[in-house]
Every structure is written in C-alpha cells, then in structure tokens.
Amino acid sequence: MAEPLIDLRVLGDGDELARAAAEEFTRRAEEAIHARGRFSAALSGGSTPRRLFALLADPAEPFRDRIEWRAVHLFWGDERHVPPDHPESNFRMVRETLLDRAEIPAANVHRVHGEEPDAARAAALYEDELRSFFGATPRFDLVLLGLGADAHTASLFPQTAVIRERERWVAAPWIEKLGTFRITLTPAVFDRAAAVIFLVQGEEKAGALRAVLSAKRDPDCIPAQAVHPQDGEILWLVDRAAARELDTKAGR
Ligand code: 6PG
C-alpha cells in the first residue's frame, strides 16, 4: 500500500487555523478549476470548520472573490440522521456559515438526505449521487475531516465495521455511544482523494492526535488512521493546544 504524502502544520490558535485552512481550500479550488473546470470538496461537520466556512464566505476576506463558486461542487463527509433544518445537521451548519453567503448554484450542493427515515436508504441515495457525479472513481479534489477526542473522523467511530469498508462509498453505521445512525463516506472514498485536510483544534484532541500520528497502526481503535489516500496527500492543520503532546520536532 503506497504511503500518502503527509504534512503537519501547527498554527497558533483557532483563527490562525481557520485562515490557513481557508487559504488551502481557496488555492486548491483555483488549481482544480483552472486544470479541470471544476472543484469537488467533501466538507466536515462538527464545530471546528465553522470559522473556516465563515471566512470563505466573508466578502471582507481575501478568499470568496478568488473562487469561481459556479464551478464548485460541495458534498459532506458525513451527516447526522436528522432533517436539514435540525440544529445538529451538518448541512445546516454549512448553510448558515457558507451557502447563504456564497453564490454556489443549488445544483452544486450535494447534501445527504438525513431526513430519510431509513438511514441505510439515505446512504444508498447518497452513493447514487456520488456515482452519478464521479462515475467509476470517487476522486475528490479535497476532503475536509475533523478528529474526535476518541480519534473518530467523519463518522468512522472506534470498533465499527465501516472502518474496514472498501466496497461501498457511503454507509449508515449505528453509533452505539450516540444512540443514533450516522451517514458517512467510507475509506473506499477517502483512499481515492487527491488531498485530505484534517482540521484539529483544542487540547481535548491532543491525545487522539498523538495516537493517530505516532501510535502503531490500529484503525479499529484509532479510526482516523483508516484514511489513507493511495495517490494523494494528507495535510494536518492543528492548533498549538491540540499539538501539545506531539514531538513536533520529529513530526511524522
Ligand atoms: C460530525 C463530524 C465529526 C467531527 C468530529 C470533530 O459530524 O460530527 O464530521 O467527525 O469532525 O466529531 O468535531 P468538532 O469539530 O465539533 O470537535
């Protein structure tokens, strides 16, 4: 298995982190649109990326006007099993911070239908959406991911079978500790990405980050280790608090 190129950058705080991520998103969008006429990105949920999305949409910042939004296609790395207007919806978070303020054509916004009563059906519908967009190979230009304190990423949680999923592109695992289903892209998609950027903020993530980057490979216990782009790169953008247990001199 080819080793992806891995880079780690430690930023001072949450604002520096969001700004560095906005520059990476914008640069990659410019390059992809210039090279192939479109940019495809899978967005992470949770709280950490909110500031990034707000920066991308802010007319006073040097990002929004550099991006040809009509050539941008947005997907979600995972979604909660809730309707799009629910407070926990990852779609809602992105709508409020980015979509309502950047001119992305509605047809370019590929959300998970978390309102679908049957989570497995929501996953199957989303896989159809990805297959009609990508054809045979789901190669995102950029996948944004977060990291939980338990080293989960997207909705790949410890000791769940989806960590080893290499056929289906989307799955609907039951997450026992949350008492709910989640709809998530699988390693079958993450492994084909051109670039994966992990955004990690806060000291509560320090242990998980150290485990992902320096512990022995054990994706069942450390799910973020299951993200392994074959012909792509991984960039870790982390703040100083999250990096505090890392031997950053050694890096990885
Ligand atoms: C989700 C995410 C999840 C998230 C991590 C980190 O739907 O919750 O996709 O994987 O990235 O839980 O979440 P925070 O950024 O809120 O710490």
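Below, all heavy atoms of this structure are taken into account, side chains as well, without hydrogens, waters or symmetry copies. Bear in mind the structure is a predicted one, so any value in this text is a computation, not a measurement. Note that ligands are numbered from 1 as they come in the structure, with each ligand's atoms numbered from 1 the same way.
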Step through it carefully: locate the ring centre of Phe25, locate the ring centre of Phe63, and say whether they are under 6.0 Å apart.
-> no

Residues with a heavy atom under 4.0 Å from ligand 1, by chain and number, are Gly45, Gly46, Ser47, Thr48, Asp78, Arg80, Asn90, Gly146, Leu147, His152, Thr153, Ala154, Arg182, Lys205

Heavy-atom pair of closest approach, residues Ala151 and Ile222 | CB-CG2, 3.8 Å

All heavy atoms of Ala21 vs all of Leu52, minimum pair found to be C-CD1, 3.7 Å

Parallel, tilted or perpendicular for His110 and Phe75, by the 30°/60° rule?
-> parallel

Do Ser155 and Asp78 meet the criterion of a side-chain donor-acceptor pair at a distance under 3.5 Å?
-> yes

Would you mind telling me which of Leu17, Leu237, Leu11 makes a side chain to side chain contact (heavy atoms under 4.5 Å, CB included) with Gln201?
-> Leu17

